[in-house]
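A note on names: the letters A, B, ... follow the listed sequences, proteins ahead of strands, and every chain is numbered from 1. This is a predicted model, so every value here is computed, not measured.
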Amino acid sequence: MPLKLYNSLTRQKEVFEPLNAPYVGMYVCGPTVSGESHLGHARPFITFDILYRYLMHQGYKVRYVRNITDAGHFEEEGKQAEDKIATKAILEKLEPMELVQKYTHLYHWAMEQFNNLPPSIEPTATGHIVEQIEMIKKIIADGFAYEANGSVYFDVIKYNDVYSKKNQPYGILSGRNLEDQLDTTRELDNQDEKKNKVDFALWKKAPAEHIMRWQSPWGEGFPGWHIECSAMATKYLGKQFDIHGGGMDLQFPHHECEIAQSTVCNHEMPARYWVHNNMITINGRKMGKSYNNVVKLSELFDGSHPILTQAYSPMTVRFFILQSQYRGTLDFSNEALQASEKALKRLMEAYQWLKAQSFTNNTSASDAALDKQLITWVNELGEFMDDDLNTAKVVANLFEIAPLINSLKDKHIAADAISAASWTLAQTQLTIFIENILGLKVENGANQVQLHGVIQLLIEIRKDAKSRKDFATSDKIRNQLISMGIQIKDEKDGEVSYSLA
RNA sequence: GGUCGGGUGGCCGAGUGGCUAGGCAGAGCUCUGCAAAAGCUCCCACAGCGGUUCGAAUCCGCUCUCGACCUCCA
């Protein structure tokens, strides 16, 4: 059962075939660490975490590269060119790298909360200035870029002329043609420096007030918007690699420009499969900085955002995202998250119970039809993943199975209705799909307050037992707790305290 | 204005022309000392109008409508 992925480049689902099996190279555009991550950011990172996990599940050895953009770009085109990170830093009276450090930590923290596996390599833009400069030099040498007043621009018209003949015109990924863009591109700053307004910057001359700046053959400046991904992807994954991922909003211009730059440098289309996740919306509108409608992850986790009635755990958010297919928009609301929270709880409780069982006895199923149905549901999990990572359908099947598990637990179906072999299959497969592939984990629901209450209750029961000289019970409580790392201490004054390991 | 993608039951969301995903909410029942949890049952939707077809949520046309990208954006 081969994995099929929707390739934005060809606009169709294609069977995934790596260039050099069993190795797979995957590049995903990471965050700009100039601010706190919001829910919209969570979607690509969870989506590609699922893809990463699933590829590994299929036996591939994946190198997953996800960058960190720590060299700011332009705050706003049309205004004076400014480094976004430097601008914010001045406002917050921080050094740029101090800001980068702060938000990088927050980002890593959030990724961990979501149970996203760390990428194989997480390169930073500032750590690869040299590679970016080298790449720009190459593009100039090949005649597809030109210097103007200390900045370097990519010659889009020339690229399009040359590569249209090789069936790779500028706009191939996003389905645009250059003529339209020449008409519609807005007036931008420094137009006079460019040969054409569709040209994009590879290197920008740094104005005096610009904090982040590097030496280059063209003077002091900083890299353009798109070159970092091309440089780092080439360095770690080679001239051509398997998968390039990111949000749909990066398709144009970011990925389009990457294709142009990398193709000139490496003479190959950089990635074979371009995978784009759709946006998370709120009231039908894309969640994004420009719309001023973002819900930060920290606000989600502590419930502090005004539209939320409560806090939602990272696993609830992850599950919420997995309940839809990644290529569709996903509308966010408090109500939708509440639904996810309840659903996830029910699913995980059933799953945990199943996991703890050992099935040995019944070798044959007394309800053959039900037995067969269970096996079908289990086997479909992989088929659904293969179909462009349809996690929505995977989850739906898990909810077909959950009532069956609960029915066994509550003895609503006969213990031997389903064979031990089938239950065991379900056990192992659910573990693989729920934990390894979907990356859902059991969250420690008990907070410290609740835990304290529980322990106090046990202490009371033990006191009662002791007063009745029911030492078997009192010892049981004490011994069981200590095996969990909770030590009960009988103080001399008759009080009881406890400590956690 | 240009280029694309949508409109599915109260809400979120899958859907390969025929066999009416799933979750949450709501109603009823079973279980329970009462709850909770769990199970069972019900709630048969596909923007509108035409067309193709034996048969359309799914294909075609038109209309209405929402959104994305074209500018940093996941």
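With both pairing distances under 3.5 Å, rU71(B) is matched to nothing as a Watson-Crick or G-U wobble pair. When both pairing distances are held under 3.5 Å, rU52(B) makes no Watson-Crick or G-U pair with any nucleotide shown. Using Watson-Crick or G-U wobble geometry with both donor-acceptor distances under 3.5 Å, rA47(B) finds its partner in rU63(B). With a cut-off of 3.5 Å on both Watson-Crick or G-U wobble distances, the partner of rU58(B) is given as none. Of all nucleotides present, only rG26(B) satisfies the Watson-Crick or G-U wobble test against rC42(B), with each distance under 3.5 Å. Of all nucleotides present, none satisfies the Watson-Crick or G-U wobble test against rC19(B) with each distance under 3.5 Å.
With distances taken from any side-chain atom of Phe399(A) to the nucleotides rG22(B), rC12(B), rG39(B), the minimum falls on rG22(B). Residue Gln325(A) has its side chain nearest to rA14(B) when only rA21(B), rG23(B), rA14(B) are considered. Minimum atom distance to the side chain of Asp331(A) is reached by rG13(B), of the listed rG13(B), rA74(B), rC69(B). Of the listed nucleotides (rA14(B), rA74(B), rG39(B)), rA74(B) has the atom at the smallest distance from the side chain of Ile280(A). Side-chain proximity of Trp225(A) to rG23(B), rA21(B), rC72(B): nearest is rC72(B). Side chain of Phe320(A), nearest nucleotide from rC12(B), rA21(B), rC24(B): rC12(B). Distances were taken from every side-chain heavy atom of Glu335(A) (C-beta onward) to each of rG10(B), rG15(B), rG13(B); the shortest belongs to rG10(B).
Base contact: Lys286(A) has a heavy atom under 4.0 Å from a base atom. Across all strands, Gly40(A) comes closer than 4.0 Å to base atoms (heavy-atom distances). Nucleic acid contact class of Ala343(A) (heavy atoms, under 4.0 Å, all strands): sugar-phosphate only. In this structure, Glu341(A) reaches neither bases nor backbone, as no heavy-atom distance under 4.0 Å exists between it and the strands shown. Within 4.0 Å (heavy atoms only), His254(A) reaches no atom of the nucleic acid at all. No contact: Thr47(A) has no heavy atom under 4.0 Å from any strand. Within 4.0 Å of Met287(A), counting heavy atoms only, lies at least one base atom of the nucleic acid. Among the atoms of the strands shown, only primed sugar atoms or phosphate atoms (P, OP1, OP2) are found under 4.0 Å from some heavy atom of Glu400(A).
Between Lys289(A) and rC72(B) there is no side-chain N or O to OP1 or OP2 distance below 4.0 Å. For rA38(B), the OP1/OP2 oxygens have no side-chain nitrogen or oxygen of Lys411(A) closer than 4.0 Å. One finds a side-chain N or O of Asn390(A) lying less than 4.0 angstrom from the OP1 or OP2 phosphate oxygen of rG15(B). Listed pair Asn277(A) / rA74(B) fails the phosphate criterion, with no side-chain N or O lying under 4.0 Å from OP1 or OP2. At the phosphate of rG67(B), neither OP1 nor OP2 sits under 4.0 Å from any side-chain N or O atom of Tyr291(A).
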Exercise for the section: May I have the step-by-step check of side chain to side chain donor-acceptor pair (under 3.5 Å) for Gln427(A) and Trp423(A), ending in yes or no? Expected result: CA-CA 6 Å; Gln427(A) 260 181 332; Trp423(A) 275 125; over 6 Å; no

Handout entry: Full working for side-chain contact (heavy atoms from CB on, under 4.5 Å) between Val100(A) and Thr124(A)
Key = CA-CA 10 Å; Val100(A) 162; Thr124(A) 61; over 6 Å; no

Practice task
Verify side-chain contact (heavy atoms from CB on, under 4.5 Å) between Leu398(A) and Leu430(A), making sure each step is shown before the conclusion.
Solution key: CA-CA 8 Å; Leu398(A) 294 175; Leu430(A) 288 206; 3.5 Å; yes

Practice task
May I have the step-by-step check of side-chain contact (heavy atoms from CB on, under 4.5 Å) for Ile375(A) and Asp371(A), ending in yes or no?
Solution key: CA-CA 6 Å; Ile375(A) 291 182; Asp371(A) 190 271; 3.8 Å; yes

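Sequence order on RNA chain B of the closest nucleotides to Leu250(A) and Arg11(A) puts Arg11(A) first from the 5' end. Place Leu404(A) and Leu344(A) on RNA chain B by their nearest nucleotides, and Leu344(A) ends up nearer the 5' end.
Taking every heavy atom of residues 168-177 of chain A and every atom of RNA chain B, pairs under 4.0 Å involve Gly175(A), Arg176(A), by number.
If you take atom C1' in rG7(B) and the same atom in rA14(B), they sit 16 Å apart, rounded to whole Å. Taking atom P in both rC11(B) and rA74(B), the straight-line distance is 31 Å, to the nearest Å. Separation of the P atoms belonging to rC12(B) and rA47(B) is 15 Å when rounded to the nearest angstrom. When the C1' atom is compared between rU30(B) and rA35(B), the two are found 15 Å apart, to the nearest whole Å. Comparing the C1' positions of rG50(B) and rC43(B) gives a spacing of 32 Å, expressed to the nearest Å. Across rC59(B) and rU8(B), the matching P atoms stand 16 Å from one another, rounded to whole Å. With C1' as the reference atom, rA25(B) and rC70(B) are 41 Å apart, rounded to whole Å. Straight-line distance between the P atoms of rG5(B) and rA45(B): roughly 29 Å, to the nearest whole Å.
What you find for Arg11(A) and Leu173(A) is that their closest heavy atoms are NH2-O, 3.2 Å. Of all heavy-atom pairs between Asn149(A) and Glu193(A), the closest is ND2-OE2, 3.2 Å.
Geometrically, Arg66(A) engages Phe45(A) in a cation-pi contact defined by less than 6.0 Å to the ring centre and at most 45° from the axis.
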Dump every N/O contact between nucleotides 31-37 of chain B and the protein below 3.5 Å, one line per pair.
none

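Tyr159(A) and Gln168(A) are linked by a side-chain donor-acceptor pair at a separation below 3.5 angstrom, with hydrogens and angles left out of the test.
With sequence neighbours excluded, the residues satisfying side-chain hydrogen bond (donor to acceptor under 3.5 Å, both in side chains) with Glu435(A) are Tyr351(A), Lys355(A).
Using a 4.0 Å cut-off between charged nitrogen and carboxylate oxygen, Lys393(A) and Asp387(A) do not count as a salt-bridge pair. A salt bridge does not link Glu341(A) to Lys345(A): none of the charged nitrogens lies less than 4.0 Å from a carboxylate oxygen.
Heavy-atom contacts from other residues, nucleotides or ligands closer than 6.0 Å to CD of Glu112(A) number 12 or fewer.
A donor-acceptor contact under 3.5 angstrom links the side-chain atoms of Ser290(A) to the base of rC72(B).
You'll find the ring centres of Phe332(A) and His38(A) outside the 6.0 Å limit.
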